[in-house]
2 protein chains.
Amino acid sequence: MDKVDWNQLRAFLETAETGSLSAAARKLGLTQPTLSRQVAAIERRLGVTLFERAGKSMVLTATGLDLLEHARSMGAAADALGMAATGRSQAVEGIVSVSASDMVATHLLPRLVRRIRQEVPGIAVEVIATNAISDLQRREADIAIRHVNPDRPDLIARLIRQASACFYASKDWVETYGHPRTADDAGSLPFVGADRAGRYLAYLHHHGLSLKEANFSCYAEDSVAHWGLVCQGLGIGAMMDEIAHETPGVVRVLDDVPPVQFPIWLVTHTELHTSRRIRVVFDMLAQGLAEGMPGNARGD
Amino acid sequence: MDKVDWNQLRAFLETAETGSLSAAARKLGLTQPTLSRQVAAIERRLGVTLFERAGKSMVLTATGLDLLEHARSMGAAADALGMAATGRSQAVEGIVSVSASDMVATHLLPRLVRRIRQEVPGIAVEVIATNAISDLQRREADIAIRHVNPDRPDLIARLIRQASACFYASKDWVETYGHPRTADDAGSLPFVGADRAGRYLAYLHHHGLSLKEANFSCYAEDSVAHWGLVCQGLGIGAMMDEIAHETPGVVRVLDDVPPVQFPIWLVTHTELHTSRRIRVVFDMLAQGLAEGMPGNARGD
DNA sequence: ATTAACCTATACATTTATGCATGGATAAAG
DNA sequence: CTTTATCCATGCATAAATGTATAGGTTAAT
């Protein structure tokens, strides 16, 4: 009795988790026909029907759901193995992936990545710009830059410094609407929104700004686009101070609203911290982020 | 960052557990060069050294030992998945592997296998003759015939009946040495041994026979060979009664020594018992083993 | 209806991995 | 010391996997 093909099991796992062969193929770096054949093969091999081909997407059968549990267990073990292996790797060459908010990734990281490349040419840094919090347990990134303390025992988190953010608008905007200084001034002025679900609005309320949806002249979930709209004079927007200072044509408004303080954390997995190359990048990022932007006096 | 190949992880696991590429290749149904390349590939991929090529066999490094733990976890999950899949399979065709002592496999099983083939042609029975107790958890067999109660919660064990064994010798032997009837008579007579470690000797002591190593005229670990030596007149040997009755040219000796009673258990995994084809074989084996040998009045 | 955007399954060419044969090296047995 | 039996690594021909291109089907929106 020959054993099952473990790659086919992985194909089943990804297909079940993503819900489609195409998505699984993208995630595994393979093609959809390959996944189609691998899943068909594992079904023939095991003599069970894992998915119901309902035309649209493939839906798990009861048997598939039962087996998925075990496949997930395999996947978790494989992830842990990969993590431990990377941690053991003492080579100072290879890829290190860094996850950060798109704001940080766009404005802060490039300079640091350039410095890393200069000092350690063997290391290639992969920048993952996402506002979603990457799951370091599942190895979606090697290192993450976050603004909340993850506080999990299997993660190493280092507090770099506190950063501050204020409200800004373009010079054009100020010429048109004047220069509001207090929270009360803001009630009837246009802002640039971040999401239409009201999360950003709640965030502004929390900082003393009594706004309504009507205040938003436009929306941009992506913070780079968001900042671009602010620069184009479409409304007031919040921005990290050191980035705003680097941007020509914007001025601080709502000066009486106290700056928002938020921490910068550098996070990695305990396993990965034993890896030479990841430790190198971790330390260089820590140093570089602590410095703040060039031209900015001090960050903390 | 593309993921690691799960088949290569399996190659690493088997190589580490068996201790050599060749043994792993045999177990996986592959060849040694393939395993050699797969292990080399996973080492390159992970950037670590898993084995120290010490010329003879490959010995795990500290890193390898660390990663082996995770690989074992994957293997356990894969086994559980395979088990659950077989249990879910409702097809009455496929392979069912049955593990039994070589004695049972040689003398009792063939007739039953023949009957199964006649009644359910879609099922192929794989007979695994081993005196080692197969690990049903690790799926070394689907069904095992044992003579001890495994008594584990995840195994299903059905007591078929009690069987008995007595001491026998060939007619030639009796003509030469006479017909011993009591345990005391046996003290100076030749026996056929089973192992040179003294286990079989201790077993005989336990049943009242005060023998020494000098009593053994020859040894055979394999019980079929053992029985063959007895039939050739080389000494006294114990044998299951119903098999002895089928063997021409042997007679019971040491008649005053009470027969050894031992149970026949049929064991399978709870997961597998939900499989149609395994249940079919299980039930037919249970029925067939309960009947005893044809020509033998009753077994229990 | 009809279009567009998904998805999956199959045919064919190509890349990739596997098996076979061989050589070298080591350890145990004669 | 020689022999024998294993075991691992590598070259080469073959078999097996994968990718590309394509057809067919379903859903949702125009």
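Proteins get letters first, then strands, A, B, ... in listed order; numbering begins at 1 in each.
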Expressed as a whole number of angstroms, how long is the span from [X]:[atom1] to [N]:[atom2]?
X     : N      : atom1 : atom2 : value
B/N7  : C/dT16 : CG    : C1'   : 14 Å
B/R53 : D/dT6  : CZ    : C1'   : 17 Å
B/M58 : C/dA25 : CE    : P     : 18 Å
A/L35 : C/dT10 : CG    : P     : 15 Å
B/L50 : D/dC8  : CG    : P     : 15 Å

Quiz item: Is any side-chain heavy atom of A/E93 closer than 4.5 Å to a side-chain heavy atom of A/I123?
Solution: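 They are not in side-chain contact.
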
Quiz prompt | Presence of salt bridge, A/E17 and A/R72, under 4.0 angstrom | solution =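 The answer is yes: the pair qualifies as a salt bridge.
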
Practice problem: Answer yes or no: is there an ion pair linking A/D5 with A/R45, defined by an N-O contact shorter than 4.0 Å? | Solution: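 Salt bridge absent between A/D5 and A/R45.
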
Practice problem: Applying side-chain contact (heavy atoms from CB on, under 4.5 Å), name anything that partners A/Q137, two or more places apart in sequence or on another chain. | Solution: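 Partners of A/Q137 under the side-chain contact (heavy atoms from CB on, under 4.5 Å) test: A/D135, A/R152, A/D154, A/L155.
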
Quiz item: Say you draw a straight line from CD of A/E43 to OG1 of A/T61; how long is it, rounded to the nearest 0.5 Å?
Solution: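 These two atoms lie 7.5 Å from each other.
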
Quiz item: What salt bridge (charged side-chain N to carboxylate O under 4.0 Å, His left out) pairs are there with at least one residue in residues 212-224 of chain A, not counting sequence neighbours?
Solution: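 Every candidate salt bridge (charged side-chain N to carboxylate O under 4.0 Å, His left out) pair involving residues 212-224 of chain A fails, so no pair, neighbours aside, qualifies.
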
Self-check item: Donor + acceptor pair across side chains of A/R139, A/T86 (<3.5 Å)
Solution: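 There is such a pair (donor and acceptor under 3.5 Å, judged by atom type) between the side chains of A/R139 and A/T86.
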
Quiz item: When you check the side-chain N and O atoms of B/T31 and B/T34, is any donor under 3.5 Å from an acceptor?
Solution: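 Their side chains do contain a donor-acceptor pair, which is all the 3.5 Å distance test asks for.
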
Quiz item: Counting only side-chain N and O atoms of B/Q38, is one of them less than 4.0 Å from OP1 or OP2 of C/dT18?
Solution: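 Yes, such a contact exists.
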
Self-check item: Below 4.0 Å: OP1/OP2 of C/dT8 and any side-chain N or O of A/S36
Solution: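 For A/S36, the contact criterion (side-chain N or O under 4.0 Å from OP1 or OP2 of C/dT8) is not met.
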
Quiz prompt | ring pair (Phe, Tyr, Trp, His ring centres under 6.0 Å) involving A/F12 - partner list, sequence neighbours excluded | solution =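 Once residues adjacent in sequence are excluded, the partners of A/F12 under the ring pair (Phe, Tyr, Trp, His ring centres under 6.0 Å) criterion are A/F51.
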
Exercise. Using a cut-off of strictly less than 4.0 Å between a heavy atom of the residue and any atom of DNA chain D, enumerate the qualifying residues of residues 10-27 of chain A by number.
Key: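 Nothing qualifies; none.
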
Exercise. Encode nucleotides 19-24 of chain C as B, S and - characters from 5' to 3', where the letter depends on protein heavy atoms closer than 4.0 Å: B to the base, S only to sugar-phosphate, - to neither.
Key: BBB---

Quiz item: Knowing that exactly one of B/L46, B/V48, B/T49, B/L50 qualifies, which makes a side-chain contact (heavy atoms from CB on, under 4.5 Å) with A/R88?
Solution: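 Passing option: B/V48.
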
Exercise. Note down the inter-axis angle between the two ends of the helix from C/dA1-D/dT30 to C/dG30-D/dC1, five pairs each, to the nearest 10°.
Key: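 End-to-end axis angle for the helix from C/dA1-D/dT30 to C/dG30-D/dC1: 30°, rounded to 10°.
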
Quiz item: What's the verdict on side-chain contact (heavy atoms from CB on, under 4.5 Å) for B/D102 and B/T130, showing C-alpha distance, side-chain angles and the deciding distance?
Solution: CA-CA 6 Å; B/D102 50 8; B/T130 171; over 6 Å; no

